[in-house]
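Below is one structure; the comments refer to it alone.
Note that the coordinates shown come from a computational prediction; the quantities given were computed from them, not determined experimentally.
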Amino acid sequence: MSQICSISKTCACRNVGRCQTKEAGRLFLWFPVPHTLKKVTSYLQQLRLEYELMYERPGLSLKCKPGQSIEIARNLAKLLAPRELKETQVLFIQGNIQPQLHDFSDIASLQRFIKLNQSDWLVEMLATERFTSYFQPIVSINDTSQIFGYESLLRGLDEEGNLMLPTPIVELATEAGLIPQLDQVARLSAITEFGRYQVSGHIFINFAPTSLYDPAFCLSSSVEAIDTAEISHDRVVFEVVESDNPQDLTHLKAVLKYYRDAGFLVALDDLGSGYSSLNLLHQLRPDFIKLDMELIRDVHQDLYKASITEKLLEITQKLNIQTVAEGIECIEELNWLRERGANLAQGYLIAKPSAVPITTTPHFDPITLNVASTDSKQVKPHVQHQNESERIVAAVTQRIRQSLELDEILQTTAAEVRQLFEVDRVIIYQFESDWSGLVAVESLAEECMSILGFHVMDTCFQSTRAVYFQQGNTRAIENIETAGLSPCHVDLLRSLQIRANLVVPILQKERLWGLLIAHQCRNARQWQQSEINLFNQLAGQAAIAIQQSELYHQLQQANQELQRLACSDGLTQVGNRRCFDDTFNTQWQRLAREQGSLSLILCDVDYFKLYNDTHGHLAGDDALRQVAKVISQTVKCPADLVARYGGEEFAVILPNTDIEGAIAVARDIQTNISALKMPHPHSQVSKFITLSLGVATITPHSQLSPATLIAAADQGLYQAKAQGRNCVVQINCGDVEPKSFI
């Protein structure tokens, strides 16, 4: 019996087995095109691995020792292009037998095969059901102290029982094809954990529609768990993860019909973040929609977000659909949504996710951020204090967001916070992937010790403090000597001249980017709750600015990559004709102003058609790639450009280069091509690949056309071919007599 991973064929969501590719067996590979097969066979021949070809379609099979199949697959992933990786199909069978009819359901893409074999830790978590659920309250938007229900949020548990956030779990499950199993475990965990607590209100449970095959069968365990927990069906809301882009709308409707027929409610999750939101709204007609947190963020300040959200709220009110606004983090967002008719609210402003569902949430009136007080005498001071806090946050935020450069954002944040709180030192501590980190930015009072660049490697951090700060918690120490810290921790703080500190996380959704830290170096300090609240708000604004900066730079990099691709020849990776034209015209205009020399070399591979006819077009493509590589390595000045001029022709632009320098470069190109010794048995000038080259130089000026230089170099190339090829010919732009250099 073949198994990529021994998963029951009856229903993928019910069973999780261990991957069997660590055993000896036979690996079958089918490729999308013959070119892919050729690359793979070349690789196997280099390793002296025996294989058998399959001639019905491009493919092969080979015997594998224990663990060898996944090693081969990973090496092929480095060799193949991304599309080849997705479209290459693979089947692994234990033992040395041919595949049977029932084995073909186990065929997967090479990409999924690799990911599945990297998912041992996730398979172990699924098999042992090491998961739990956290619960975030959903409240009435008009009275935030009234809890309507809770959203269940999946958390993993590592082998030591420490929490793992869902993002890496979901990403790997998606790539490895384990979403059905994960979705099943998540639903059952949510139901079991929620049923353990005697709380009122609804329970919102996410599910991925693409993970379900037969609703009646796949969801029966969920219904059974709900009934066992004695949760009334009308309290359960199943959320469709809209950004999953369900391909089969008929199937999705069947899933939701099953839920509705069983008396459950349905929500459309993350409206505004996915593929066809309004179409799904029309097709599915949910009881609730949840407005995506990215749409809610700064909705009171962003005209585009505000316009979209207003229309969505207007539509849902007409259709009598309740709306849940996710990710609310400030009072301005809450008030804006409240004024426009949203029904329910969810977000860190109200409460963070917790293992035990909380039963009390603060009441926010339309003006203040403070929990409402029944003593009217207290209201005015609270309002004044809140107005001042909002003014400070707005002013600091404006200064933080004046730049999209990350270093400037961080430095401004540190300087503004130190001045505002009148502390000795403010640092921004940035984490690295292994939970070590360093002091990235610092603002210092006079006579304070600098710790800029200080690197901390705490192997215990991930299991002790990472989850604490990831949940948005703050740590305030008034006096390190009386805070009950461990001796080594106190020694570290003393060495850094820290007497008191205030630490708040810089969070981007659930990603812990770093920490904003205030240090009192000369004396202890009692931190006021209002200071802590304000510090948290400023850290939140810094997190938004950091994310915007990162997105901006990602966009810049993407644009640069698009520009590179637009100007790059797809086969040889040197400049394309468009790149040549743009660069040539730019250099012409510049050197016309500066009165500098501009040289051009045109190269042509000799008898290339005969090479293609003999070796085939794939071999011809490889030859052109090697020629382009040699020319690029020969041309070393940063301002020079190598481009594919067309077919087997290449062009070299040499700014600020006189004729002697251009001829020297042409000779070097010719010499280095000869050194390659690429066989060309049907060439009439050599048994190896050679080039003919035309060279011309000019000093551009406004009375001349750029075409003059191109025509001269082209004439030189023509003369080089006429003189027998495999030579360099220089043409003076004003001289019809060619000079030849063999």
Side-chain angles (χ1 to χ4, degrees), residues 136 138-139 141 144 243 269-274 277 289-314 316 323-352 362 364 366-369 386-406 408-410 412-413 416-417 472 504-514 516 533-555:
Q136 187 172 28
I138 297 170
V139 301
I141 203 163
T144 54
S243 55
D269 195 15
D270 292 341
L271 192 72
S273 69
S277 301
I289 66 163
K290 301 189 78 176
L291 299 174
D292 182 61
M293 64 176 63
E294 289 302 322
L295 196 60
I296 299 303
R297 185 73 62 253
D298 294 328
V299 69
H300 60 294
Q301 296 176 329
D302 189 309
L303 178 61
Y304 283 88
K305 291 182 179 181
S307 300
I308 294 167
T309 307
E310 281 182 332
K311 286 300 179 185
L312 290 174
L313 290 171
E314 181 182 326
T316 54
T323 50
V324 183
E326 295 184 296
I328 298 174
E329 293 189 356
C330 68
I331 193 69
E332 293 88 355
E333 294 168 352
L334 179 69
N335 286 335
W336 189 96
L337 291 158
R338 179 184 280 158
E339 291 168 2
R340 284 156 182 79
N343 304 110
L344 302 167
Q346 179 182 0
Y348 275 23
L349 176 67
I350 297 150
K352 298 165 186 168
F364 295 103
I367 300 174
T368 73
L369 258 175
Q386 183 54 41
N387 288 340
E388 178 64 13
S389 295
E390 290 181 7
R391 186 194 65 76
I392 292 170
V393 171
V396 175
T397 299
Q398 183 179 10
R399 286 191 284 273
I400 291 173
R401 296 195 185 182
Q402 285 177 346
S403 173
L404 284 170
E405 293 299 326
L406 183 58
E408 291 182 20
I409 290 170
L410 298 181
T412 301
T413 301
E416 293 289 342
V417 169
V504 300
I506 299 175
L507 290 167
Q508 294 176 351
K509 291 188 178 180
E510 293 180 334
R511 173 197 172 200
L512 181 58
W513 185 93
L516 178 62
N533 293 341
L534 187 55
F535 211 71
N536 267 300
Q537 290 182 61
L538 294 173
Q541 294 301 322
I544 294 170
I546 291 167
Q547 185 174 32
Q548 288 176 339
S549 171
E550 291 175 343
L551 290 173
Y552 169 73
H553 285 286
Q554 287 171 14
L555 180 61

Item to check | Spacing of CH2 belonging to Trp336 relative to CD belonging to Gln301, to within rounding of 0.5 Å | outcome: 12.0 Å
Checklist entry - Which atoms form the tightest heavy-atom contact between Ala351 and Gln136, and what is the distance? => result O-NE2, 3.0 Å
Checklist entry - Can you list the steps and then say if Ile289 with Val324 is a side chain to side chain contact (heavy atoms under 4.5 Å, CB included)? => result CA-CA 6 Å; Ile289 66 163; Val324 183; over 6 Å; no
Item to check | Backbone of Lys305 reached by a side-chain donor or acceptor of Asp302 within 3.5 Å | outcome: yes
Item to check | Worked verdict on Cys330 versus His300 for side chain to side chain contact (heavy atoms under 4.5 Å, CB included) | outcome: CA-CA 10 Å; Cys330 68; His300 60 294; 3.9 Å; yes
Checklist entry - Shortest non-hydrogen contact from Ala325 to Ile296? => result CB-CD1, 4.0 Å
Item to check | NZ/Lys311: more than 12 non-hydrogen atoms of other groups inside 6.0 Å | outcome: no
Checklist entry - How many angstroms lie between atom CD1 of Ile141 and atom OG1 of Thr323, to the nearest 0.5 angstrom? => result 7.0 Å
Checklist entry - Could you go step by step and tell me if Leu349 and Thr144 meet the side chain to side chain contact (heavy atoms under 4.5 Å, CB included) rule? => result CA-CA 10 Å; Leu349 176 67; Thr144 54; over 6 Å; no
Checklist entry - Just by modelled atom types, is the Glu310 backbone N or O under 3.5 Å from a matching donor or acceptor in the Arg340 side chain? => result no
Checklist entry - Rounded to the nearest 0.5 Å, what separation is found between the CD1 atom of Ile331 and the CD atom of Gln537? => result 10.0 Å
Next on the checklist: Do Leu295 and Leu312 have side chains that approach each other closer than 4.5 Å (heavy atoms only, starting at C-beta)?
Outcome noted: yes
Next on the checklist: Checking Glu329 now: which residues fulfil side chain to side chain donor-acceptor pair (under 3.5 Å) with it, not counting sequence neighbours?
Outcome noted: Arg297
Item to check | Separation between CG of Leu344 and CG of Leu337, rounded to the nearest 0.5 Å | outcome: 11.5 Å
Next on the checklist: For the OG1 atom of Thr316 and the CG atom of Leu291, what is their distance to the nearest 0.5 Å?
Outcome noted: 7.0 Å
Item to check | Nearest atoms (heavy-atom pairs only) where Ala539 meets Pro505 | outcome: CB-O, 3.7 Å
Checklist entry - Do Leu538 and Val504 touch side chain to side chain, with heavy atoms closer than 4.5 Å? => result no
Checklist entry - With distance as the sole test, does Thr309 use its side chain to make a donor-acceptor pair with the main-chain N or O of Ala306 at under 3.5 Å? => result no
Item to check | Test item: Arg511 side-chain N/O and Leu507 main-chain N/O as donor-acceptor pair under 3.5 Å | outcome: no
Checklist entry - For the atom pair CG (Asp292) and CD1 (Ile308), what is the distance rounded to the nearest 0.5 Å? => result 11.5 Å
Checklist entry - Between Ile409 and Thr413, is a side chain to side chain contact (heavy atoms under 4.5 Å, CB included) present by the stated rule, with each step listed? => result CA-CA 6 Å; Ile409 290 170; Thr413 301; 4.3 Å; yes
Checklist outcome for this item: Heavy atoms of Ala345 and Leu334 approach each other most closely as CB-CD1, 4.1 Å
